[in-house]
Each structure stands twice: as structure tokens, then as C-alpha cells.
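So that the names make sense, note that chain A is the first sequence line, chain B the second, and so on, each numbered from 1.
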Number of protein chains: 4
Amino acid sequence: MSKRKGQKFDKIIDAAVLVIAKHGFHQAQVSKIAKEAGVADGTIYLYFKNKEDILISLFQEKMGSFVETSNLKIKQEKTIEDKLNVLISSHFAQLERDYHLAVVTQLELRQSKVELRQRINQVLKGYLLLIDEIVQEGKKSGTFHVDLDPLLARQMIFGTLDEVVSNWVMSEGKFSLTNQTNTVQEMLLHGLTGKKERG
Amino acid sequence: MSKRKGQKFDKIIDAAVLVIAKHGFHQAQVSKIAKEAGVADGTIYLYFKNKEDILISLFQEKMGSFVETSNLKIKQEKTIEDKLNVLISSHFAQLERDYHLAVVTQLELRQSKVELRQRINQVLKGYLLLIDEIVQEGKKSGTFHVDLDPLLARQMIFGTLDEVVSNWVMSEGKFSLTNQTNTVQEMLLHGLTGKKERG
Amino acid sequence: MSKRKGQKFDKIIDAAVLVIAKHGFHQAQVSKIAKEAGVADGTIYLYFKNKEDILISLFQEKMGSFVETSNLKIKQEKTIEDKLNVLISSHFAQLERDYHLAVVTQLELRQSKVELRQRINQVLKGYLLLIDEIVQEGKKSGTFHVDLDPLLARQMIFGTLDEVVSNWVMSEGKFSLTNQTNTVQEMLLHGLTGKKERG
Amino acid sequence: MSKRKGQKFDKIIDAAVLVIAKHGFHQAQVSKIAKEAGVADGTIYLYFKNKEDILISLFQEKMGSFVETSNLKIKQEKTIEDKLNVLISSHFAQLERDYHLAVVTQLELRQSKVELRQRINQVLKGYLLLIDEIVQEGKKSGTFHVDLDPLLARQMIFGTLDEVVSNWVMSEGKFSLTNQTNTVQEMLLHGLTGKKERG
DNA sequence: GATGAATGAGTATTCATTCAT
DNA sequence: GATGAATGAATACTCATTCAT
């Protein structure tokens, strides 16, 4: 699809993140991205098939490692509680690290048209499967409730994390995301009524 | 803002929902909405300031009663558990009742540009306050954990409900939403580990 | 295809002829045509599907009557000699009358891409059939040679007329076209060796 | 203008004919020609000033010998009738020999813009002069009519040959071109009425 | 001589909004 | 109030040509 050779590929991706975060998705013209990347408009098309390809590549490039990073960290933990904790902290940490990118993925890219969103969702699928694994393992080990609905569980976990991050982005990153890790973990494990054993 | 007098106002709103659900947000031109509503293009501008105003009005009109309906039902319950249950069932029921509308609010309207989304979020605020009240009351009554972070709690509740509904819409409404009420309530109350006292 | 109602349709067609003749086919942008026609760019698209539709309509509109006019005049003549004479004089007269149009049809429109040229050729077919009829009738009546190859005959007649007109256009209309009628008729009837009975 | 040294010059010309015949004039990009010729894009510009220069050179290169070949053959004939016959047969034969080239010169190159066509016409001038000579000689010798208009005569001859060849190309070469020589000669000599003394 | 990555000018078309009737 | 013809701003992509290597 898009040729990854050369530094220009990365330059353009980074420029796209910056331009979209700065001017918004609908004001992110190809010419603006090219200017920000310090290349000619036509150069964009030596590395990307079309504008949509920039956005998809951006998501794959920047979010592709997301799953892998989380996956590796989770594998290193033994208990389900720790795996969940690491899932949350990794999710928060990776997005907190790059506020511009978080703006793009949490807000701006959701404005794209359906076809593009579907391509983006495919990248997300890998992450959802990662959550599914934790849920399954948690049930098997007895840590999670035996009757837990796996799909609903995943939706609660992802829905919560996504909503927290979105609120963080909309608050313009004014509070620490990673600091919330333990609290969110407790809430997911024991719900609204849950006893906070640590505190 | 928009003059609510006359039946044409409603006709246009309904036409907008239909056109967006049928053709998607990006193919919902003013002229198409006008045709579906059986009025001239120019007539739209006698009832709405601009296209954005149609969409905001749509959201206010269709979602305005949402909060009130949920609010009334919640007030009728005594225990926090029941209030939460009614919040969930009301949320699910109202969206399940009108699939077209659910498509528009869960998927299509999220493709709009930031300014519009912010206007839409203002309408949502009333709903978030409703959740906040339940959380606050739950803490006061001792049903919810005393150290519960109210903001995070609200984010978990809304994030979960929103994610569940979005998944339902994307599955094209192929499973029952309201049937999930009790399970979701249990999960929110006791988390992934929680004992399911009812079942 | 294109809505013919209103004076704007004709205005745009005439503007297209003028702009193409003045600036050449490759410099005839839609915006230039719109400006010449005194309408907004977008107005063009209320009357024509796209730019190509303007050019095809132009050809149909301006050349459509060409065949009919020639046809009617030919029908009024009795002898084959007179029918041929009228074919030639009508061909020359109609193109000489509007030099701009002749430039467009003889030179500029031949630069268009294949698909467009094929659409244009379909309009020409009617004219070729008219020539075919004269050839056929001339053979039947004994005026033309009994062994005359009808296809070659048509190619000689049309090829000659087209080449004469093209030379006239390229000479920038500096000599009279209609004045050549009789000479061309003689040449077609009796060839390079032929005795000029009239003169 | 264009440096003729080296085999690459010819390679590029031949590639251009092939690419234009295969993909059509408007899809014959420089990069495509370069690829077909097995050279880099930039190399083209070591041998040709610009794209237009390729096309003009192509025409000169491939059509340059056309005139000379015809000229030599004509000089070998004594009577005007035979000279005309050879002109026609040579014209037909040379184009029939290379269908690809005929497509390019009869159809595709006529889609080029006016400036290019004028350059191409200059190459044609040599051929038209050859025809002019025959006409002049025919009149002097008494074979052609004494009052024959030389310019019109040339236009009839060239117009007829060109139209016949164009029809042959458009029919995708499905009939023999050279077989038509005698018939066309008869028609040019004696016109539509002419007695076919040979047949 | 040869390369090919980089350049950047140029243009058809859509659609929200207006305003004369 | 209602109409709908007219407006015109705004933007992705191609490809001939260059020039550093």
C-alpha cells in the first residue's frame, strides 16, 4: 500500500498528527500537511495512495505498537488483577505520552466517514481481542465471576477506558491520566459498591 | 434560535433523521432533507438558522425527553440499586425503540465537526448530571463505596452504557438491548468479580 | 440529459463556442465559460451534467440542424448533379456563416479524448448517411458510374469537403468557401481529368 | 533540437509509438514511455527537449521517409496516371505495413493541442508539395483539365486518401488498403461519373 | 551519460445559503 | 409564508520536468 522506506513517510505521518490536532480534521488539507512536513504536495503521493491512506497509515503506525506494547506487558504479569492493572496503566500511559495523538484518535478521527472508520476499527479489533483474553482467563481462574458475560465485560472495560481518556482529552489534559489507574482498576473489579482493599 | 411553531418544524426534523439514517451523515444534503420533508430548500431556513441548527435541534428534540423520561422513572424508585436499574433500562429501552434514531445519535452524528459535537455534548450534560446525582446519592446512602471517585464512577457508567448501545447498533440491532439491563446493572454494581445475588 | 429550458442553456453553449475558439480547447476552463456566459460556475451544473456534456450538447445543438438543413435542401432538387451541388453549398455555407463555430468543430473539438470524440462521431453519422443516399441514388439513376464503390465514393466526397473546410479554417477564413461550390462539384463529378461542361 | 546519436533515441521513439497505440494519446505519460523504452524518466530529457519533442520527432522519424519513398517511386513513372497510381499505392502500402503507427498518426496524434498539430503539419507540407507537383505536371501535360484549381485538386486528393486511411484504421484494419488503389485512382481521375476504362 | 525522487502548478465539481418573485 | 434558481468558495490529485548523486 504505502511505501515505508525513507524518512519522509514518518515526517508526513507526524505532520498529519500535528496538523489535525492543531487545525481539526476538517481543516487538515493535504497541502497543509505537506507544508508542515516540509515537502511538496506531490511528494505526499509518492508515499501514500491518497489522503485517506495517510489517515489509515497514521492510525496503524501510531496505534499498531499500542496493542503489542500492552500485550507484552500483560504477559509479564501473573495474576488477573495485575494483568488488568497493566492493561489500564498501559492504555493511559501510551495516550498520555502524546497529547496531540490522543486528540487525533479520541476526537478528530471519529469525524471521518464510515468507510475510513471501518478501516480504523479493524486496527482496534486486535486490542479488543486482548481484552477478551483477559476476561476469559479471569473467568477460568475464578477471579472473575463465573457467570460473567464476556462481551458485556469487554464493553464495560473498553467503554470505561475510552470514556475516561475522552474526558481527559476534552479537559485538555489538565489532570493526570496514569494516576487514575488503580482507582479505575478497583472500580472495574468490584464495581460501584466494591470494597477498596488497598485504600 | 429555531422557531418551533408549525408542523413543518417537526416534519423537517423527522426527515433529517430518516435521510441521515438512510444515506449516512455525509450524504445528508439540505436539499435531500427538504425533499423528504416535502418542502422547498429555502423553507428549511424559515425554521432553522442553518444546517447545523437542524442537527442540534434534532438532538435536542429527540433526546430532550430522554433525560426527563429517565429522570421521572428514577425518582419513582427508592433504593439506589433500583434507581440504577431504571437508569439502564430506560437508556436501553428508549434507544431500542427507534433504531433509526439510535443509528443517527450513536454513529452518524459523531462524524460531525467539533463545534457541532460540542453543542451536542451540551445536551448530553443534563443526562450526565442525572447520573452524577445517583452516584452522589449512592455514596451518601452507603450503597456505593465511600471512597468512590464520583467523576470516574460517572465515566464508567456512561462509558459502559454508550459502548453497549454502540455495539448493539453496529450489530444492526440483532440482539435485545433491554434484556441486558440486569446483567449490566450487576456488573456496574459489583464489577468483574462481583457476586450475582439475584441469579 | 441536459435541461434545455431557459435562455441560460443557450447562453452557456454560445459562451463555450466563443471561449474555445478564442482560447483553444485546452484553455477552455469551466470557470472561463461561466464568466463569458455571465453566470456563476455552479450555474453551469444546473444545465449540464459535466464539462463533457457542455461540449457534446454544443455539437448536437449547433450541428444537429446541419444535417436537417442539408437534407431539406437536397430533397428539393431533382437531378443528382443539383443534389450534390446543394450538399456542397449547404456544407460550405453553414460553416462559413459562423467562423468561430467552424474553428471549434474543425480543429479544437478534434483534440478531445476518445470517448468524447466517439459521442461526436455519432452526430456525424447522420450526415454520412445523407451522402450515402445521394451516392446510391446517383448509381441507380445512371448519373454515377455503375461500378462505383459506394463506401469509397462517400469517403471521397466527405474527405474532400472536410479537407477544403479545414484548409479554409486554417487560412483563417481568408477566402470564400461558398464560391468554391461549383468547382468542387465539377471535381467530384468528373475528377481531375473531367470536362467542365458548365464553364 | 533532439540529439539523434545513440540507440536510445530510437528506442524511445519506438516505445512512444507502442505506448500511444496501446494506451491512447491521453494515457501516454512520459514515465510510461520511459518504462517501455527501458530507461529512466530523466534519460528521456537527454535525447528530447520535452514531451512534445518526442511526438514531433516520432512523426518526423517515422513519416520522414514516407515522402522520400513516395517521391522516388513517382519519379520512376512516366505517365501522370501511373504517377498518381503510385502515389496512392505507396500511401496505402506504407501505412498498411505498420498498423500501430497508422493508429498513432491517423487518430491519436490528432488529439494533441494546436501548437503540436501545427508542427506536425509542417512535416506534412513536404508531402503536399509532392501532390502539388503531380497536379501541376498533369495540367501541363494535358492529362488533367486545363482549368483545374491546383489547391482544390490537392485537397481532393489528400482529403480522399486521408479519409480512406482513417476509415481503414477505425475499422481496425479489417479490409485491405492497397487493394483499393486502382479504384481510388479511377475515382480521382474521372470522378463519380467517370467511365472506368480499365475494368 | 544515467538515474529517479522530488517538485508544484493547475481545475472540475459540490452544496449550504440567499433572495427575487 | 413559500419557493427554487442562482450563487461561489473550497480542494485532492496528476504528471512533465529538474537536478543532486
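Considering only the side chain of Q29(B), dA16(E) comes nearest among dA16(E), dT7(F), dA6(E). Among the nucleotides dA5(E), dT17(F), dC13(F), the one closest to the side chain of K51(A) is dC13(F). For L46(A), counting side-chain heavy atoms from C-beta on, the closest listed nucleotide (dT7(E), dT11(E), dA6(F)) is dT7(E). Here dG4(F) is the nucleotide among dG4(F), dA2(E), dC15(F) with the atom lying nearest to any side-chain atom of A40(B). Comparing dT3(F), dT3(E), dA5(E) by their closest approach to the side chain of V39(B) singles out dT3(F).
The NZ atom of K11(A) sits 12 Å away from the C1' atom of dA6(E) (whole-angstrom rounding). Distance F9(B) CZ to dA2(F) P: 14 Å, rounded to the nearest Å. Put simply, CD1 on I33(D) is 18 Å from C1' on dT3(E), counting in whole angstrom units. At whole-Å resolution of the value, CZ in F25(B) and P in dA16(E) are 10 Å apart. Taking atom CD on E52(D) and atom P on dA16(F), their separation rounds to 12 Å, with Å as the unit. In this structure, H26(B) atom NE2 and dA16(E) atom C1' are separated by 15 Å, rounded to whole Å. Distance, I44(A) CD1 to dA9(E) C1': 16 Å, rounded to whole Å. Between K32(B) atom NZ and dG4(F) atom C1' there is a gap of 18 Å when expressed in whole angstrom units.
Under the 4.0 Å criterion applied to side-chain N and carboxylate O atoms, K62(B) and D14(B) are assigned as salt-bridge partners. The pair K11(B)-E36(B) does not count as a salt bridge, with every side-chain nitrogen at least 4.0 angstrom from each carboxylate oxygen.
The partner of dA2(E) is dT21(F), by the rule that a Watson-Crick or G-U pair needs both atom distances under 3.5 Å. Pairing for dG8(E) is with dC15(F), a Watson-Crick or G-U wobble pair whose two hydrogen-bonding atom distances lie under 3.5 Å.
Along DNA chain E, the nucleotide nearest to A28(B) and the one nearest to G38(A) differ in position, and the one closer to the 5' end is contacted by G38(A). Take the nearest nucleotide of DNA chain F for T43(B) and for T43(A): the residue whose nucleotide is more 5' is T43(B).
Contact annotation: S31(D) does not reach the phosphate of dC15(F) (side-chain N/O to OP1 or OP2, under 4.0 Å). Using a 4.0 Å cut-off, some side-chain N or O of K8(C) falls inside it from OP1 or OP2 of dA6(F).
In this structure, N50(C) contributes its side chain and D53(C) its backbone to a donor-acceptor pair below 3.5 Å. Under the 3.5 Å distance criterion, the side-chain polar atoms of E108(A) are left unmatched by any main-chain donor or acceptor of G24(A). Not a single donor-acceptor pair under 3.5 Å links the side chain of N121(D) to the backbone N or O of L124(D).
The aromatic rings of H26(D) and H26(C) are tilted relative to each other, their planes meeting at an angle between 30° and 60°.
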Give each protein N/O atom lying under 3.5 Å from an N/O atom of nucleotides 18-21 of chain E, with the pair distance.
none

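For the atom pair CG (L109(B)) and CE (M63(B)), the distance works out to 9.5 Å, reported to the nearest 0.5 Å. Separation of atoms CD1 (I12(A)) and CD1 (I54(A)) is listed at 7.0 Å; rounding is to 0.5 Å.
Base contact: V30(C) has a heavy atom under 4.0 Å from a base atom.
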